[in-house]
Amino acid sequence: QLQLVESGGGLVQPGGSLRLSCTDSEVTLDYYAIAWIRQAPGKEREGVSCTLSGGGSTDYADSVKGRFTIARDNAKNTVYLQMNSLKSEDTAVYYCAAGWGCGYDMYYAQPGGMDYYGKGTLVTVSS
C-alpha cells in the first residue's frame with residue numbers, strides 16, 4: 001500500500017517559484033498515475049496536474065498551464081510539481097495522489113478519483 005509524502009511547500013512572494021515533491025519509501029511510483037490536487041481555504045478541491053504511469057501523457061488545469069510542470073524522477077522515486085510565476089490564488093494545500101489513471105475531464109480531482117492520497121503540503125503565496 002502506498003504512503004505518499006509531499007514536501008516543498010512554504011511561503012513565497014508573488015512571481016516566485018516552488019518545487020513540490022511526492023515520494024513513497026517502498027512502492028515504485030512509476031507504476032501509477034500521479035496527480036497533484038489542491039484545496040484553498042473555503043474552496044472546493046481543484047485538480048492541478050496528472051501524469052500517467054510509465055512516462056505517459058500529462059494534463060494540466062487551465063489555471064496553471066504554462067506555469068506549472070509535473071515531472072518524474074524514477075531514480076529517486078519522486079514526482080515533482082515545479083511551480084513558477086506563482087500568484088496569490090495558488091495559495092492552497094497541495095496533495096499528491098496515486099491511482100490507475102487520470103480519467104477524463106479531470107476525473108482525478110473528484111473525491112475518490114484516485115486511490116491513494118498524501119497528507120498535503122501548504123503553499124502560501126503572499127507579499
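What you see below is based on every heavy atom in this structure, not just the backbone, and it leaves out hydrogens, waters and symmetry mates.
- When hydrophobic clusters are built by joining Ile, Leu, Val, Met, Phe, Trp and Tyr residues whose side-chain heavy atoms come closer than 4.5 Å, directly or via intermediates, V48 is not grouped with Y117.
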Could you pull out all donor-acceptor pairs under 3.5 Å where a side-chain atom in residues 31-41 meets a protein atom, sequence neighbours excluded?
from	atom 1	to	atom 2	distance (Å)
R38	NE	E46	OE1	2.8
R38	NH1	D90	OD1	2.9
R38	NH1	Y94	OH	2.9
R38	NH2	E46	OE1	3.1
Q39	NE2	K43	O	3.1

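- The line from CG of L2 to SG of C22 is 8.5 Å long, rounded to the nearest 0.5 Å.
- Within the 4.5 Å cutoff, the side chain of Y60 has heavy atoms near those of the T69 side chain.
- When side chains are defined from C-beta on, F68 does not count as touching L20, because their heavy atoms never get closer than 4.5 Å.
- Interatomic distance, OH of Y108 versus SG of C50, reported as 6.0 Å (0.5 Å rounding).
- With sequence neighbours excluded, the residues that form a side chain to side chain contact (heavy atoms under 4.5 Å, CB included) with Y107 are Q110.
- Y95 and Y80 fall into different hydrophobic clusters, defined by Ile, Leu, Val, Met, Phe, Trp and Tyr side-chain heavy atoms under 4.5 Å apart, directly or through other members.
- The CG atom of D24 sits 7.0 Å away from the CD atom of Q3 when rounded to the nearest 0.5 Å.
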Verify side chain to side chain contact (heavy atoms under 4.5 Å, CB included) between T23 and L4, making sure each step is shown before the conclusion.
CA-CA 6 Å; T23 191; L4 301 171; over 6 Å; no

Scan the side chains in residues 118-127 for donor-acceptor partners under 3.5 Å anywhere in the protein, sequence neighbours excluded, and list what turns up.
from	atom 1	to	atom 2	distance (Å)
T121	OG1	G9	N	3.1

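- Nearest heavy atoms, N84 versus S17: OD1-OG, 2.9 Å.
- To the nearest 0.5 Å, atom CD of residue Q82 and atom CD1 of residue I70 are 12.0 Å apart.
- Of the candidates T58, T51, L52, D59, C102 forms a side-chain contact (heavy atoms from CB on, under 4.5 Å) with just one, namely L52.
- Taken from CG in N74 to CG in D30, the straight-line distance is 4.0 Å, to the nearest 0.5 Å.
- Note that OG of S53 is 11.5 Å distant from CG of L29, once rounded to the nearest 0.5 Å.
- Grouping the Ile, Leu, Val, Met, Phe, Trp and Tyr side chains by contacts below 4.5 angstrom, directly or via other members, places M106 apart from M83.
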